[in-house]
Amino acid sequence: MQEQYHFSQLETKWQKDWERQELDQVAEDFEREKYYLLEMFPYPSGHLHMGHVRNYSIGDVVARFKKMEGYNVLHPMGWDSFGLPAENAAIKNRVPAALWTKDNIVNMKKQLKTMGLSYDWEREVATSDPDYYKWTQWLFLEFYKKGLAYKKKAAVNWCPSCATVLANEQVVEGACERCETLVDKKDLEQWFFKITDYADRLLEDLQQLPGWPEKVKIMQENWIGRSEGAEICFKTEAGHDLKVFTTRPDTIFGVSYMVLAPEHPLVSELVADTEYEEPVHAFIKKVKSMTNIERAETEKEGLFIGAYAINPLSGDKIPIWVANYVLMDYGTGMVMGVPAHDQRDFEFATKFQLPIKVVIQPDGDLLEGNKLTEAFPAEGRLVNSGRYDGLPNEQAIQKITRDLEQKGLGEKQIQYRLRDWLISRQRYWGTPIPIVYCEKCGVVPVPAKDLPVILPIQVAFKPSGESPLKTNGEFLNCTCPNCGGEATRETDTMDTFVDSSWYFLRYTDAKNAVAPFDREKADYWMNVDQYIGGVEHAILHLMYARFFTKVLFDLKLTSAQEPFQNLLTQGMVLKDGAKMSKSKGNVVSPEEIIEQYGADTARLFILFAAPPERDLEWNEKGVEGCFRFLNRVWRLSYYYHEKIKNISPGEVTKNELDKELLRSIHGAIKKVTDDVRLRFNFNTAISAIMELINTLQKYRDHTNVKSENLPLVRFGLENTVLLLAPFAPHIADELWSNLGKKTSVHLEAWPKYDEKALELAEVTMVVQINGKVRERLNFPKDLPEPQLKELVLETEKIKQLLQGKEITKFIIVPNKLINLVV
RNA sequence: GCGAGUGUGGCGGAACUGGCAGACGCGCUAGACUUAGGAUCUAGUGGGUAACACCGUGGGGGUUCAAGUCCCUUCACUCGCACCA
């Protein structure tokens with residue numbers, strides 16, 4: 001054994017050895033219990049960043065731990081390799097996007113390998129690989145057959161900088177999620193996935209995911225945004241239908257105006273050839289020119305458009321307005337204004353002096369419309385509502401909805417905030433949408449046998465960044481699969497979120513050439529037992545992946561209804577309180593750290609510095625601390641190396657020091673096991689291993705050749721190495737082989753602890769007086785109460801402190817604490 | 001505005017069902033070894049005090065023999081959504 005810890009040569013050696021032994025390759029084994037551990041696959045930017053290191057270190061600990069616990073562990077890795085950066089690089093450097101991507105994958109894979117991660121690389125996938133996107137296209141066609149993929153013209157979000165449309169989910173505060181350019185609205189023909197058909201199931205099934213963070217579930221819930229109410233049909237005087245959605249049909253007698261969204265087509269019709277036409281159109285133009293955020297931030301504005309509606313229940317004649325606060329893409333793009341019971345309507349009505357009519361009275365004080373300072377949205381009884389007066393409002397909701405239904409003027413309805421998923425992108429580097437346009441036959445899906453529709457590699461980019469597929473004759477022109485006539489291909493590609501919505505299924509059968517995956521294999525491995533990644537994917541990726549899984553379930557391709565059983569959202573890696581980023585200049589490169597300290601130290605620090613869900617502050621000194629720790633482990637092993645070479649481990653104790661050591665060994669096993677298995681508290685698990693090393697060191701320093709119990713030391717060192725194995729796999733394997741072991745430590749069973757060894761014959765109890773600690777005393781374990789009492793009261797210090805005081809209560813927490821109340 | 005979360009030494013963080021606040025690591029102080037130390041080892045390290053006492057988990061109040069932990073209230077910060085009818 002070498003005296004020094006030479007991490008670099010040792011890490012390379014073991015990485016090669018593991019690869020040679022195919023230690024991390026797995027196959028279905030229906031006899032054994034499986035565990036599918038997945039970390040979010042990276043975009044191959046070419047360089048690993050600390051966020052990746054954190055993500056994959058966490059995952060690797062769990063994977064290695066579960067393997068040692070005896071599970072058949074699937075732990076795959078791949079590449080989310082379609083996307084804009086490759087295209088930008090292609091334009092800038094005149095390198096084909098495919099080549100750039102491939103180089104990056106090679107580079108990043110090399111970096112990942114230096115971390116010593118236990119991936120089954122035989123299952124590697126890259127979404128930009130034709131063997132992969134063939135099946136993405138195939139799935140698109142299955143969606144199409146089921147009516148879940150459709151094309152429509154719609155006002156869509158357009159990012160002028162990326163020159164493409166974006167899904168609603170990709171617009172953050174009115175700007176492109178990627179480049180932060182403000183998005184425009186454009187009317188375009190686009191492909192959508194009908195995710196709204198699954199809104200209810202996506203919402204409902206969140207309840208079946210107790211292993212997901214509450215925060216993520218709430219975010220998804222809000223995003224789906226289900227609300228129950230009714231659609232009510234008002235009529236204009238001229239007989240047009242004015243359908244509105246409301247959650248408060250009980251307030252219908254309080255309607256004092258109707259409002260339409262400026263984009264609503266009916267507006268033009270209603271003002272045509274009237275004196276209102278000009279001002280209304282000017283108003284609409286003004287509103288449309290604003291971005292969504294500007295519009296949300298401006299005060300409520302609106303105009304009367306000269307028309308009236310009739311309230312279907314009260315018969316009241318109600319003015320119709322157009323206003324900037326009504327949104328075209330929610331509900332029917334039209335709202336009934338009830339100022340007394342809706343804050344927005346209240347603000348609007350106050351500004352434009354529209355009547356405020358109270359129709360819900362709370363118990364107690366009496367509300368008057370002209371005296372209100374804000375709307376009253378809460379519960380109460382109906383007033384000024386004809387025959388509904390006196391009803392509690394919840395009952396009124398039911399009754400009014402029913403009555404309207406009978407008249408054919410309304411119905412119960414559930415609205416969702418969730419929109420259909422816009423998947424077309426006017427970009428080159430993505431999965432081509434397998435559709436052909438034929439003049440005779442119209443929209444024709446590419447037959448499955450003709451897949452994949454190959455993305456050409458050598459393409460000519462224009463400086464504008466427009467998709468080169470549009471001008472690539474070889475790609476564009478084809479024959480119609482239906483009639484054999486001339487046809488053109490769809491030149492839009494799919495949102496890259498489509499690619500990543502099913503990759504976890506492909507891993508279960510990554511090389512399948514005849515299907516996206518084999519159902520039996522997928523059924524063995526699914527669901528993913530533990531998914532690990534950043535919270536930034538809480539809505540987009542996680543919702544889309546759930547949607548895909550449900551569709552695939554309905555298509556009978558899998559029996560999984562949810563993709564991810566448990567979800568761990570890891571915190572960010574910060575430096576100087578801010579997220580590491582090139583622009584801030586606070587990036588610490590994982591490569592350099594690994595070179596300087598080794599992968600084991602890097603992994604250890606990142607796991608030790610904070611619990612996984614919290615943000616982690618990078619600290620060079622802390623890294624050194626972890627490096628020192630591994631050196632301490634090394635030196636201790638070196639010290640005992642020759643002594644215990646030919647000795648078997650043993651648990652026989654001869655004195656107090658031995659007993660203390662044995663207890664600490666079992667204590668560490670228990671702590672690490674519980675922290676990893678139950679809580680993912682790797683930071684405290686590592687600190688427990690540190691404590692064990694501290695105890696072993698103390699043992700070394702307090703014993704001499706005569707008194708040292710070498711079998712026990714060996715037992716301690718073997719267990720230390722076993723406990724360390726998931727966290728610092730290289731040094732662990734090296735130390736394991738130094739202990740004379742012939743096979744990898746990673747093939748060993750996880751150590752078990754003995755409850756009995758943890759028990760103490762004597763316990764130190766705290767003696768409190770009125771809740772303040774006054775003394776610590778040693779007693780035999782489980783001493784009966786009367787004896788304990790007697791012994792405590794006989795103690796000198798306690799006697800003194802109790803002088804002249806009367807004990808009113810004597811509280812005992814067994815083996816822990818005594819509290820005397822005086 | 002709505003929803004969620006976080007506040008503990010100089011710093012990162014421990015404290016499981018209410019039961020010794022500050023494990024472990026960093027930093028700092030002193031010492032040992034040493035030509036040297038940015039290596040290693042030993043001791044110490046919440047504030048306060050000569051030593052006790054006493055004070056300490058964002059602030060205020062409460063429940064309890066006992067509160068970082070439970071309840072009420074308030075402040076600060078972080079994240080998500082945001083005119084969703």
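This structure is a prediction, so every number in the text was calculated from the model and none was measured. Numbered from 1 within each chain, the chains take letters A, B, ... in sequence-line order.
Listed by residue number, A:Lys809, A:Ile811, A:Val813, A:Lys816, A:Leu817, A:Asn819, A:Val821 are the residues of residues 808-822 of chain A with a heavy-atom contact under 4.0 Å to RNA chain B. Near-neighbour residues of RNA chain B inside residues 601-619 of chain A, defined by a heavy atom below 4.0 Å, number-ordered: A:Phe608, A:Ala609, A:Pro611, A:Arg614, A:Asp615.
With hydrogens and angles ignored, no donor-acceptor pair under 3.5 angstrom links the side chain of A:Lys621 to the base of B:C11.
The CD-C1' distance, from A:Gln343 to B:C2, rounds to 13 Å in whole Å. When rounded to the nearest whole Å, the span between CE of A:Met543 and C1' of B:C81 equals 12 Å. Rounded to whole Å, atom P of B:A82 lies 13 Å from atom OH of A:Tyr330. For the pair A:Trp634 CH2 and B:C41 C1', the interatomic distance rounds to 21 Å; values are reported in whole Å. The interatomic distance linking A:Lys300 (NZ) with B:A85 (P) rounds to 14 Å, in whole Å. In this structure, the CG atom of A:Asp342 is 17 Å from the P atom of B:G1, given to the nearest Å. Atom P of nucleotide B:C79 and atom CG of A:Leu574 are separated by 11 Å, given to the nearest angstrom.
Comparing B:A21, B:A14, B:C83 by their nearest atom to the side chain of A:Ala296 picks out B:C83. The side chain of A:Gln697 approaches B:C41 more closely than any other nucleotide in the set B:C41, B:G25, B:C83. The nucleotide whose nearest atom lies closest to any side-chain atom of A:Met690 is, among B:C83, B:G19, B:C24, B:C24.
For B:G27, one of the phosphate oxygens OP1 or OP2 lies less than 4.0 angstrom from a side-chain nitrogen or oxygen of A:Arg628. Between A:Thr684 and the phosphate of B:A23, there is no side-chain N or O to OP1/OP2 separation shorter than 4.0 Å. Within the 4.0 Å cut-off from OP1 or OP2 of B:G25, at least one side-chain nitrogen or oxygen of A:Arg632 is found. Side-chain nitrogen and oxygen atoms of A:Asn631 include none within less than 4.0 Å of the OP1 or OP2 phosphate oxygen of B:A39.
Within a 6.0 Å radius of NZ in A:Lys300, other residues, nucleotides and ligands contribute more than 12 heavy atoms. Within a 6.0 Å sphere centred on NZ of A:Lys185, heavy atoms belonging to other residues, nucleotides or ligands number more than 12. By the 6.0 Å contact criterion, NZ on A:Lys579 is open, its count of non-hydrogen atoms from other residues, nucleotides or ligands being 12 or less. The number of heavy-atom neighbours closer than 6.0 Å to NZ of A:Lys816, taken from other residues, nucleotides and ligands shown, is 12 or below.
Between A:Gly625 and A:Arg248, the one whose closest nucleotide on RNA chain B sits nearer the 5' end is A:Gly625. Taking the nucleotide of RNA chain B with the nearest heavy atom to each of A:Asp701 and A:Phe245, the more 5' of the two is matched to A:Asp701.
Judged by Watson-Crick or G-U wobble contacts below 3.5 Å, the nucleotide B:G3 has B:C79 as its partner. Across all strands shown, nothing is found opposite B:C52 as a Watson-Crick or G-U wobble partner with both distances under 3.5 Å. B:U64 makes up no base pair with any nucleotide shown, lacking Watson-Crick or G-U wobble contacts both under 3.5 Å. For B:U42, the paired nucleotide is B:A30, the pair qualifying as Watson-Crick or G-U wobble because both relevant distances are below 3.5 Å. Judged by Watson-Crick or G-U wobble contacts below 3.5 Å, the nucleotide B:U69 has no partner. Within the shown strands, B:C24 is the pairing partner of B:G12 under the Watson-Crick or G-U definition, both distances less than 3.5 Å.
Residue-level contact check: A:Lys772 touches the backbone only, with heavy atoms under 4.0 Å from sugar-phosphate atoms and none from bases. Counting any heavy atom pair closer than 4.0 Å across all strands shown, A:Val326 reaches a base atom. The residue A:Arg635 sits close only to the backbone: its heavy atoms come under 4.0 Å of sugar-phosphate atoms, none of a base. Here A:Leu327 lies in heavy-atom contact (under 4.0 Å) with a base. Base engagement by A:Gln768 is indicated by at least one non-hydrogen atom pair under 4.0 Å involving a base atom.
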For residues 683-693 of chain A, which side-chain donor-acceptor pairs fall under 3.5 Å, sequence neighbours excluded?
unit_1   : atom_1 : unit_2   : atom_2 : d
A:Thr684 : OG1    : A:Asp675 : OD2    : 2.7
A:Thr684 : OG1    : A:Asn681 : O      : 3.1
A:Ser687 : OG     : A:Thr684 : O      : 2.9

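Ring geometry, A:Trp421 versus A:Tyr544: the interplanar angle falls under 30°, so the pair is classed parallel (tilted spans 30 to 60°). Classified by interplanar angle (parallel below 30°, tilted 30° to 60°, perpendicular above 60°), the ring pair A:Trp618/A:Phe605 is perpendicular. The aromatic rings of A:Phe352 and A:Phe348 are tilted relative to each other, their planes meeting at an angle between 30° and 60°.
The main-chain N or O of A:Val183 is never found under 3.5 Å from a side-chain atom of A:Asn157 such that the two would form a donor-acceptor pair. Of the possible polar contacts, none joining the A:Arg700 side chain to the A:Tyr639 backbone as a donor-acceptor pair under 3.5 Å is found. A donor-acceptor pair is defined here as one N or O able to donate and one able to accept, closer than 3.5 Å; no such pair exists between the side chain of A:Arg635 and the backbone of A:Tyr5.
We find that A:Arg663 and A:Glu660 are not joined by a salt bridge, their nearest charged nitrogen and carboxylate oxygen being 4.0 Å or further apart.
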